[in-house]
2 protein chains.
Amino acid sequence: MTVRRGKKRANLRDVARAAEVSVATVSRVLNTPDVVQAETRRRVEAAMAELHFVRSAAARAINTGRSKILGALIPTLDNAIFASTIDAIESRLGDFGLSLVVATTGEDPEVEARKAQGLLDIGVEGLFLSGITHHDTLHALIEHTAVPAVVISYYDANYHLPTIGYDNREAGRIALAHLVGLGHRRIAVVHNPAEHNDRTRERLAGFESAPADVVLTRFESALTVAGGARAAAMALASGAPFDAFLCASDVQALGVLFELQRAGIAVPEAVSVMGLHDLPSAAVTAPRLSTVHLPAEEMGRRAAEAMADWVENEVPARPICLPTALKIRESTRRRGG
Amino acid sequence: MTVRRGKKRANLRDVARAAEVSVATVSRVLNTPDVVQAETRRRVEAAMAELHFVRSAAARAINTGRSKILGALIPTLDNAIFASTIDAIESRLGDFGLSLVVATTGEDPEVEARKAQGLLDIGVEGLFLSGITHHDTLHALIEHTAVPAVVISYYDANYHLPTIGYDNREAGRIALAHLVGLGHRRIAVVHNPAEHNDRTRERLAGFESAPADVVLTRFESALTVAGGARAAAMALASGAPFDAFLCASDVQALGVLFELQRAGIAVPEAVSVMGLHDLPSAAVTAPRLSTVHLPAEEMGRRAAEAMADWVENEVPARPICLPTALKIRESTRRRGG
DNA sequence: CTGAAAGCGCTAACAA
DNA sequence: TTGTTAGCGCTTTCAG
């Protein structure tokens, strides 16, 4: 028995009856209005309005095979890092009449696989994934269902799924090079756990491009402002003298900035701090944060466009590598300068 | 003609054929497994696995009248304020087998109404709204479709929709009282545009509870860290001497903190800074931010539970007022103390 | 415990 | 331009 709450909804047949036309005609004014005579259409529209007709998405989906819903699997929403990308995806998708349901994975591949199944269960037509590290089950699922899937926040033209993102390793290299170019040799690297996070892994790999006389010391902690602060505290407590802090993400860099200020260490006079991402707030910290810009918004937009083209016109997405850019602001300075 | 990409998906009938049972039996192992004989069930499950069967959400929805999808309309995702609430909603909803699609409105009632229509079009069973200020069209839509809707981030037991949130005015009062209790009399109020934002309006109303000898000067700017910084710069540029900055939101308070540091004004020695929200990062700023805690996560959880109960058991949500709490940290201090 | 069959609301041939 | 009708994939009586 169909569950009904309140006054039952009007359906196509009800509208057809009220407008004294066939259901096909009603369907037409819904889908191809221009093919219906103006007067007829007017009557139908009046009937729809009066009955507060809302077409059943399910019924349409079952006929067209299209749900018009896409799914995104992201580590977390509770963090500025993905927010703007998701925001951009959602908003661009809207231009194509597509909706987005987002599922958070907490960076756990198993949870991710489970949530992916859940998304497919509710009928999403395509999936946005973060990075290229996934559970086998997810890969199998994508293969079997042949569901369009695009990877964001990462670029690897050879990956078996199209990646639309940026070169994290290169971004890491740029950040490191900036610091090295400034004469810094003893660098504290602040990063989040890389175990299930290939973006972080790549950035760290980029950091490793350092010349032999540069010594990098890693401090790992959570991908939060508090995590960054904790890592900085650890670095300070280690007693080792550092010229600079190189952060794998702006979020952590904010924490580093706060902790250094708390410790009375002047940035950039005593130590430089380098971020990576260029969050909106990076431009207004004190001092303003030098960082590497990651085109999060454009990435979201491009990913949405590619996905729309895929589900609407069956043209599979192709890899896109977006450029990153060094943003030199105030938190970095020549050593001893 | 049904659109099919790649190898066509197996359906119930295919599974039934493979397992040599009827479609009804397959449907049963899907929905009421315990009513099917163990051996039969095993055969069916094997067939489903082999065919990589994924049931059609649309077909189920059309029969049960349930899409298992809910919609959330929020101003923006690109801001820590809503992220943790949405995160909590999504995660709690998951426990009930419900999904969430989020739509951002940019704080524009018209956009909100349009997106609400879009959500209904894709078949959401319920709506989460932010605050009580909405376009008439939206109100009408909710009334006509009788779709379950709950308001979050706001509390008003008399509103025509159930509100699950906190008392913004009271939170504002608490923040103001803290500052006044510390002896501050010349207070710069930093806030975002309140035109379409009733939460902000209420908080400002709470600020107005100040005694007669307290003078409040308002500085309005965007609800971002940069906006907060800009507001602080304006306050400083005004030349007026302030004892304290009272911010309608932590996000802006962060900007204020940065701007004051940039201006070389010591917090809390020279001026106190008070936030409102208690974002995770508020506890690690330098100095740590005094603020009023808003139970964003619990609110999300409770709203999700209420909504689940509504759509699953038809019990309408009831208003819930969650307590706020003063968090005294380091950014506020007795005047001249 | 299992099967047959009638829909759910809509789309899309095909006819008229 | 409009109507008739056969499904889409699944759930759910109702029989057996």
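Order of the sequence lines fixes the chain letters, A, B, ..., with proteins taken first and strands second; residue numbering starts at 1 for each chain.
- OP1 or OP2 of C:dT11 lies within a sub-4.0 Å distance of a side-chain N or O belonging to A:S27.
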Using the salt bridge (Lys or Arg N to Asp or Glu O under 4.0 Å) rule, take A:R42 and A:E45 through it: C-alpha gap first, then chi angles, then the decisive distance, then the call.
CA-CA 5 Å; A:R42 212 199 40 66; A:E45 279 164 349; over 6 Å; no

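- Side chains of B:D87 and B:S91: no donor on one and acceptor on the other come within 3.5 Å.
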Quick test: give all pairs of protein nitrogen or oxygen and nucleotides 14-16 of chain D nitrogen or oxygen below 3.5 Å, distance rounded to 0.1 Å.
none

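- As rounded to whole Å, 14 Å separates atom C1' of D:dT2 from atom CD of A:E20.
- For B:T25, counting side-chain heavy atoms from C-beta on, the closest listed nucleotide (D:dG3, C:dT2, C:dA4) is C:dT2.
- Whole-Å rounding puts the A:R66 CZ to C:dA12 C1' distance at 16 Å.
- Atom-to-atom, CZ of A:R17 to C1' of C:dG9 comes out at 13 Å; the value is rounded to the nearest Å.
- The closest donor-acceptor contact from the side chain of A:D309 to the backbone of A:V315 lies at 3.5 Å or more, if one exists at all.
- Formation of a donor-acceptor pair under 3.5 Å by the A:S27 side chain with backbone atoms of A:V23 is not found in this model.
- Between B:R60 atom CZ and D:dC8 atom C1' there is a gap of 16 Å when expressed in whole angstrom units.
- Of the two residues contacting DNA chain C, namely A:L30 and A:R13, the nearest-nucleotide position lying further toward the 5' end is that of A:R13.
- Counting any heavy atom pair closer than 4.0 Å across all strands shown, B:V21 reaches sugar-phosphate atoms only and no base atom.
- Taking only side-chain nitrogens and oxygens, B:N63 never comes nearer than 4.0 Å to OP1 or OP2 of C:dG7.
- Rounded to whole angstrom, the span from the CG atom of B:D121 across to the P atom of C:dG9 amounts to 17 Å.
- Residues of residues 33-59 of chain A having a heavy atom closer than 4.0 Å to DNA chain C, listed by number: A:F53, A:R55, A:S56, A:A59.
- Side-chain atoms of B:E125 do not come within 3.5 Å of backbone N or O of B:L70 as any donor-acceptor pair.
- With respect to B:E305 and B:R92, a salt bridge is recorded, a charged nitrogen being found less than 4.0 Å from a carboxylate O.
- Side-chain proximity of B:A24 to the nucleotides D:dT11, C:dA4, C:dC10 is greatest for C:dA4.
- The C1' atoms of five pairs define one axis at each end of the helix from C:dC1-D:dG16 to C:dA16-D:dT1, and these two axes lie 30° apart (to 10°).
- In terms of the side chain to side chain contact (heavy atoms under 4.5 Å, CB included) criterion, A:R318 has no residue partners (sequence neighbours excluded).
- When distances run from any side-chain atom of A:I62 to the nucleotides C:dG3, C:dG9, D:dT11, the shortest one goes to C:dG9.
- Applying the salt bridge (Lys or Arg N to Asp or Glu O under 4.0 Å) test to residues at least two apart or on different chains, the pairs with a partner in residues 110-124 of chain A are A:K115-B:E90.
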Side-chain donor-acceptor pairs under 3.5 Å in residues 149-158 of chain B, sequence neighbours left out?
from, atom 1, to, atom 2, distance (Å)
B:D156, OD1, B:N158, N, 2.8

Should B:E312 and B:R66 be marked as a salt bridge (Lys or Arg N to Asp or Glu O under 4.0 Å) after you check the CA-CA gap, both sets of side-chain angles, and the distance that decides it?
CA-CA 9 Å; B:E312 299 289 344; B:R66 301 276 324 262; 3.2 Å; yes

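- Classification of the B:H52-A:H144 ring pair by plane angle, with boundaries at 30° and 60°, yields parallel.
- Note: CG (A:D14) to P (C:dC8) measures 11 Å, nearest angstrom.
- In this structure, A:N11 places its CG atom 12 Å from P of C:dT11, rounding to the nearest Å.
- For A:Q117, the CD atom sits in a packed shell: over 12 heavy atoms of surrounding residues, nucleotides or ligands are nearer than 6.0 Å.
- Rounded to whole Å, atom P of D:dC8 lies 14 Å from atom CZ of B:R9.
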